[in-house]
Amino acid sequence: MKIGIVGDFNPDYPSQQATNEALTHSIKKNKSPMEYDWIPTASIPEQLESIKTIYKGFWIAPGVPESVSGVLQIINYAREHDIPLIGTCGGFQNIILEYAKNKLRIDDADHEERNPDASRLVISKLTCSLVGQKGEVHIKSPSMVSNIYQKQTVIEQFRCSYGLNPEYEATIHEAGLSIVGTDTEGRPRIVELQGHPFFIGTLFVPQLSSTEENPHCLIDSFIRLFHSGR
């Protein structure tokens with residue numbers, strides 16, 4: 001079985017290199033017969049049907065994709081068809097953007113980094129950049145994420161300068177993409193989709209904390225879905 005990492009790989013980008021390493025850590029730990037490929041985002045629109053056949057789960061990678069529309073197509077497919085999906089950093093942002101566009105029908109929902117003059121900035125610049133920062137994340141229960149962590153507070157590494165615009169927090173949360181992890185001031189750091197087998201986005205970068213000795217629990221849980229014969 002294969003996992004598709006949706007993004008444009010750059011070996012000089014630490015978060016992307018860590019994505020490969022973290023998957024390897026968890027695959028090895030769980031003795032799972034999984035493989036993974038990077039899916040260049042510009043190829044997605046033309047190859048979508050083939051991608052659906054080849055990959056049994058997706059990781060929406062950190063970074064600014066060449067084709068945002070391609071990324072959103074994958075997220076939409078996974079969300080609507082119960083395909084396991086995790087998104088980190090930029091992946092978190094695109095999970096929210098897809099939900100706003102396709103579930104909430106905010107057709108002009110946009111991202112401030114890519115289009116700062118847009119009228120509906122669902123993803124906006126954070127008050128303080130989190131690039132290179134570590135911070136507390138408070139996990140809400142009941143949630144899938146709380147079941148995975150088995151902790152109320154964790155420390156995670158961040159590489160982001162953009163997140164969910166506060167103006168849209170309540171709308172997104174109440175529509176089913178639940179905010180289940182926040183910083184000390186209550187700002188969104190983890191979302192999960194209610195009723196989905198595994199659909200989780202983190203503004204932080206869990207793969208940066210993964211080691212061969214201690215794979216990250218979120219990534220472990222993602223891999224175990226396939227190891228259990230999904």
Side-chain angles (χ1 to χ4, degrees), residues 1-95 97-99 102 144-145 148 190-193 195-202 204-212 214-230:
M1 291 187 289
K2 284 192 173 186
I3 293 167
I5 309 174
V6 182
D8 300 296
F9 182 65
N10 180 347
D12 296 325
Y13 188 24
S15 295
Q16 292 192 343
Q17 184 61 46
T19 302
N20 288 344
E21 294 166 359
L23 279 170
T24 300
H25 298 157
S26 289
I27 288 170
K28 182 176 180 180
K29 174 187 173 182
N30 290 285
K31 299 179 181 178
S32 182
M34 296 299 301
E35 298 178 354
Y36 57 85
D37 298 322
W38 282 80
I39 304 174
T41 61
S43 72
I44 293 169
E46 290 186 357
Q47 298 182 16
L48 184 60
E49 293 308 312
S50 175
I51 288 168
K52 291 177 183 179
T53 301
I54 294 170
Y55 300 101
K56 304 305 179 185
F58 298 98
W59 186 327
I60 311 301
V64 179
E66 183 178 338
S67 171
V68 175
S69 63
V71 174
L72 299 187
Q73 282 183 293
I74 295 292
I75 297 170
N76 179 257
Y77 166 67
R79 178 173 63 81
E80 293 188 343
H81 293 84
D82 288 343
I83 305 300
L85 179 142
I86 186 170
T88 57
C89 196
F92 168 96
Q93 297 161 22
N94 283 316
I95 283 172
L97 194 59
E98 187 280 328
Y99 203 75
N102 297 318
M144 178 180 290
V145 168
I148 292 170
I190 312 174
V191 294
E192 70 177 39
L193 184 62
H196 195 285
F198 196 105
F199 193 95
I200 293 171
T202 70
F204 56 85
V205 189
Q207 55 267 52
L208 290 173
S209 303
S210 179
T211 65
E212 187 171 357
N214 292 293
H216 195 284
C217 62
L218 282 177
I219 303 162
D220 254 10
S221 295
F222 181 61
I223 291 299
R224 279 199 298 272
L225 286 173
F226 308 98
H227 185 55
S228 63
R230 176 183 167 80

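Computed from heavy atoms alone, side chains included, the values below leave out hydrogens, waters and symmetry copies. Quantities reported herein were computed from a predicted structural model and do not represent experimental measurements.
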With sequence neighbours excluded, residues passing side chain to side chain donor-acceptor pair (under 3.5 Å) with Thr202: none

Are Leu85 and Ile95 side-chain neighbours, meaning at least one heavy-atom pair lies under 4.5 Å? yes

Atom pair CG (Leu225) and CD1 (Ile86), whose distance is rounded to the nearest 0.5 Å: 10.0 Å

Set out, in order, the CA-CA distance, both residues' side-chain angles and the distance that settles side-chain contact (heavy atoms from CB on, under 4.5 Å) for His196 and Asp82, then state yes or no. CA-CA 6 Å; His196 195 285; Asp82 288 343; 3.7 Å; yes

Side-chain contact test, heavy atoms from C-beta onward, threshold under 4.5 Å: evaluate it for Gln73 versus Pro45 and give yes or no. yes

Distance-only donor-acceptor hits, side chain of residues 5-12, under 3.5 Å, sequence neighbours excluded:
from: Asp8; atom 1: OD1; to: Thr41; atom 2: N; distance (Å): 3.0
from: Asp8; atom 1: OD1; to: Thr41; atom 2: OG1; distance (Å): 3.4
from: Asp8; atom 1: OD2; to: Thr41; atom 2: OG1; distance (Å): 2.7
from: Asp8; atom 1: OD2; to: Glu66; atom 2: N; distance (Å): 2.8
from: Asn10; atom 1: OD1; to: Asp12; atom 2: N; distance (Å): 2.9

Atom of Val71, atom of Pro65 and distance for their closest heavy-atom approach: CG2-CB, 3.7 Å

Distance col, row Asn30:CG vs Ser221:OG, nearest 0.5 angstrom, shows 9.0 Å

Looking at every non-hydrogen atom in both residues, tell me the closest pair between Ala61 and Trp38 and how far apart they are. CB-CZ3, 3.6 Å

Please tell me if the side chains of Thr19 and Tyr36 come closer than 4.5 Å, counting only heavy atoms from C-beta onward. no

Interatomic spacing from CD in Glu80 to CG in Leu193 - rounded to 0.5 Å: 10.5 Å

Grab the two heavy atoms, one from Ile3 and one from Ile223, that are nearest each other, plus how far apart they are. CD1-CD1, 3.5 Å

Check whether any side-chain heavy atom of Pro62 sits under 4.5 Å from a side-chain heavy atom of Gln207, and report yes or no. yes

Shortest non-hydrogen contact from Ala18 to Leu208? CB-CD2, 3.8 Å

Rounded to the nearest 0.5 Å, what separates atom CZ in Phe222 from atom NE2 in His216? 14.0 Å

Shortest non-hydrogen contact between Ser210 and His25, atoms and distance: OG-ND1, 2.8 Å

Non-hydrogen side-chain atoms of Thr88 and Ser15 separated by less than 4.5 Å: no

Determine the minimum heavy-atom distance between Val145 and Glu192, stating which atoms define it. N-OE1, 3.0 Å

Worked check of side-chain contact (heavy atoms from CB on, under 4.5 Å) between Arg224 and Asp220: CA-CA 6 Å; Arg224 279 199 298 272; Asp220 254 10; 3.6 Å; yes

Test: salt bridge (Lys or Arg N to Asp or Glu O under 4.0 Å). Region: residues 34-53. Which pairs qualify, not counting sequence neighbours? Lys2-Asp37, Glu49-Lys52

Please work out whether the ring planes of Phe58 and Tyr77 are parallel, tilted or perpendicular, with thresholds of 30° and 60°. perpendicular

At what distance, to the nearest 0.5 angstrom, does CE of Met1 lie from CZ of Phe226? 7.0 Å

Say you draw a straight line from CG of Asn76 to CG of Asn102; how long is it, rounded to the nearest 0.5 Å? 4.5 Å

Side-chain heavy-atom pair Ile148, Met144 within 4.5 angstrom cut-off: yes

Should Ile83 and Tyr55 be marked as a side-chain contact (heavy atoms from CB on, under 4.5 Å) after you check the CA-CA gap, both sets of side-chain angles, and the distance that decides it? CA-CA 9 Å; Ile83 305 300; Tyr55 300 101; over 6 Å; no

